[in-house]
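Worksheet: the structure to be examined is printed underneath.
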Amino acid sequence: MLNVGVIGLGSMGMTHLDAYSRLPDVRVVAVADQKFATPGATVGRAGNIAGQSSGGFDLDSVKKYVEAIELINDPEVQAVDICAPTSSHKELALLAIKAGKSVFVEKPLARTSTDAREIAEAAAKAGVVLMPAHCMRFWPGWDWLKAAMNDKRFGAVQSASFVRLGSKPPTPFYNDGVASGGSHLDLHIHDTDFVLFLFGMPDAVTSFGRIGESGAVEHTVTRYHFGDTDALVTSEGAWTRDAEKRPFEMRYTVVFERATVVYNLGADPVMRVYQADKEPEAVLLSSDLGYALEVAEFARCAAARQNSPVVNGIDGYRALEIIEAELRSIETGQTFYL
Ligand SMILES: NC(=O)c1ccc[n+]([C@@H]2O[C@H](COP(=O)([O-])OP(=O)(O)OC[C@H]3O[C@@H](n4cnc5c(N)ncnc54)[C@H](O)[C@@H]3O)[C@@H](O)[C@H]2O)c1
């Protein structure tokens with residue numbers, strides 16, 4: 001049995017609690033949120049994806065701390081799951097690593113690539129498990145794409161386009177672009193990381209962006225350049241101002257030599273493969289969300305005291321290095337070479 005403590009009970013904290021509650025070998029023993037200092041304050045809120053949290057986790061069954069450090073130092077807690085705002089990730093992750101706990105950190109691993117690298121190096125030195133929560137690597141249909149690229153069943157990729165557009169989250173942390181990094185860090189990093197997962201580190205990026213009310217980039221369009229492929233790889237990510245009235249958009253179109261694969265969260269079926277000599281083919285996807293699958297992977301890794309082969313601390317700071325290169329390109333109006 002693995003004993004877990006979850007810090008930060010906003011949309012992601014509740015999503016992770018929901019996922020842990022379905023794992024037979026995991027027990028959530030404690031949660032921490034500063035809101036517990038205010039009697040009657042409510043924790044939790046809805047996220048972008050339908051069904052990501054039932055909100056059914058029984059908070060009365062676990063210890064509740066106001067200060068995260070109390071949870072980290074609780075001897076019963078073996079694994080710490082950090083779902084607090086991005087600006088707190090570095091401090092909390094380093095404390096958990098120092099306490100010898102396995103650590104799961106919501107994306108982005110930290111506010112900057114330098115801080116993320118410090119976390120990854122501290123975890124490696126301490127010999128503790130560290131996993132950044134880059135959920136797209138586990139998402140049904142996205143893991144399928146990775147497998148199709150690896151086994152080259154449709155030949156080489158000629159172009160890949162990723163799009164992610166969602167309403168700006170309502171909590172105050174996101175309004176502060178310095179703390180949150182805008183949609184560039186909140187949302188666009190999912191596709192930046194997935195491009196890293198599929199193609200490795202790009203040689204250069206050409207990005208365009210728009211600064212929003214938070215003071216940070218709230219709309220990003222990027223082309224990623226690679227030395228070993230001339231595939232046209234692009235992504236677009238933005239916060240929209242429609243107060244969640246428009247459905248969250250998450251899609252990709254990947255053109256292979258012998259097939260085109262389309263994933264569109266809002267379509268039915270969500271995923272289709274198009275080939276010249278066949279009828280369009282729907283891909284049957286698992287009903288599990290990537291969140292549940294990544295949480296299960298973290299629990300497995302923490303119990304085995306081994307880092308995940310799918311995503312590790314190095315991926316966490318590499319994704320941020322690309323994100324920061326995209327920002328430099330937006331600022332200078334020039335292609336940025338990594
Ligand atoms: N993987 C994804 O798809 C995804 C989606 C949304 C957010 N996120 C990431 O998850 C993290 C949290 O985002 P959210 O949308 O759930 O935030 P949120 O604003 O909904 O909730 C954050 C919670 O953390 C609490 N908190 C703040 N500081 C704390 C501290 N020091 N100790 C304990 N609790 C603290 C707040 O009271 C609040 O309840 C961010 O890093 C964000 O980038 C990931």
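In each ligand, atom 1 is the first atom listed, and ligand 1 is the first ligand listed.
- At least one N or O atom of M12 sits closer than 3.5 Å to an N or O atom of ligand 1.
- Here the side chain of S61 pairs a donor or acceptor atom with the backbone of D58 at under 3.5 angstrom.
- Within the structure, ligand 1 lacks M14 among the residues with a heavy atom less than 4.0 angstrom away.
- Residue-level proximity to ligand 1 for I7 is carried by the side chain, the only part with a heavy atom below 4.0 angstrom.
- Close approach of ligand 1 to H89 (heavy-atom distance below 4.0 Å) involves ligand atoms 41 (O).
- With hydrogens and angles ignored, the 3.5 Å screen pairs a side-chain donor or acceptor of T112 with a backbone N or O of D115.
- F197 is linked by a ring-ring contact (aromatic ring centres under 6.0 Å, His included) to F194, counting only residues two or more places apart in sequence or in another chain.
- For the 3.5 Å distance criterion, the side chains of Y291 and D18 fail to qualify, holding no donor opposite an acceptor.
- Residue-ligand proximity: P169 is placed with every non-hydrogen atom at 4.0 Å or more from ligand 1.
- Counting heavy atoms from C-beta on, the side chains of V103 and V105 come closer than 4.5 Å.
- The shortest N or O to N or O distance between S88 and ligand 1 is not under 3.5 Å.
- Contacts with ligand 1 closer than 4.0 Å are made by heavy atoms of both the backbone and the side chain of Q34.
- Between H16 and F104, the distance from one ring center to the other falls under 6.0 angstrom.
- Between the side chains of T192 and E326, at least one donor N or O sits under 3.5 Å from an acceptor N or O.
- Both the backbone and the side chain of K107 come within 4.0 Å of ligand 1, counting heavy atoms alone.
- Proximity of P108 to ligand 1 is established by a heavy-atom distance of less than 4.0 Å.
- Atoms of ligand 1 lying under 4.0 Å from any heavy atom of C83, numbered from 1 in the order shown and given with element: 11 (C), 12 (C).
- Classified by interplanar angle (parallel below 30°, tilted 30° to 60°, perpendicular above 60°), the ring pair Y174/W239 is perpendicular.
- Every atom of ligand 1 with a heavy atom of G10 under 4.0 Å away is listed here by number and element: 16 (O), 18 (P), 20 (O), 21 (O), 23 (C), 39 (O).
- Only the side chain of C135 comes within 4.0 Å of ligand 1, counting heavy atoms alone; its backbone N, CA, C and O stay farther away.
- Residue T171 touches ligand 1 through its side chain alone, judged by heavy-atom distances below 4.0 Å.
- Ligand 1 places these atoms under 4.0 Å from at least one heavy atom of Y291: 1 (N), 2 (C), 3 (O).
- Which of P170, G181, G8 comes nearest to atom 24 (O) of ligand 1 through a heavy atom is settled by distance: it is G8.
- Checking side-chain atoms of T332 against main-chain N and O of R328 turns up a donor-acceptor pair under 3.5 Å.
- Assignment of H190 to the shell around ligand 1 is supported, since a heavy atom sits closer than 4.0 Å.
- Atom CG of L187 and atom OG of S183 lie 6.0 Å apart (nearest 0.5 Å).
- Between the NZ atom in K107 and the SG atom in C83 there is a gap of 10.5 Å [rounded to 0.5 Å].
- Residue contacts with ligand 1, taken as heavy atom pairs separated by less than 4.0 Å, do not involve S180 at all.
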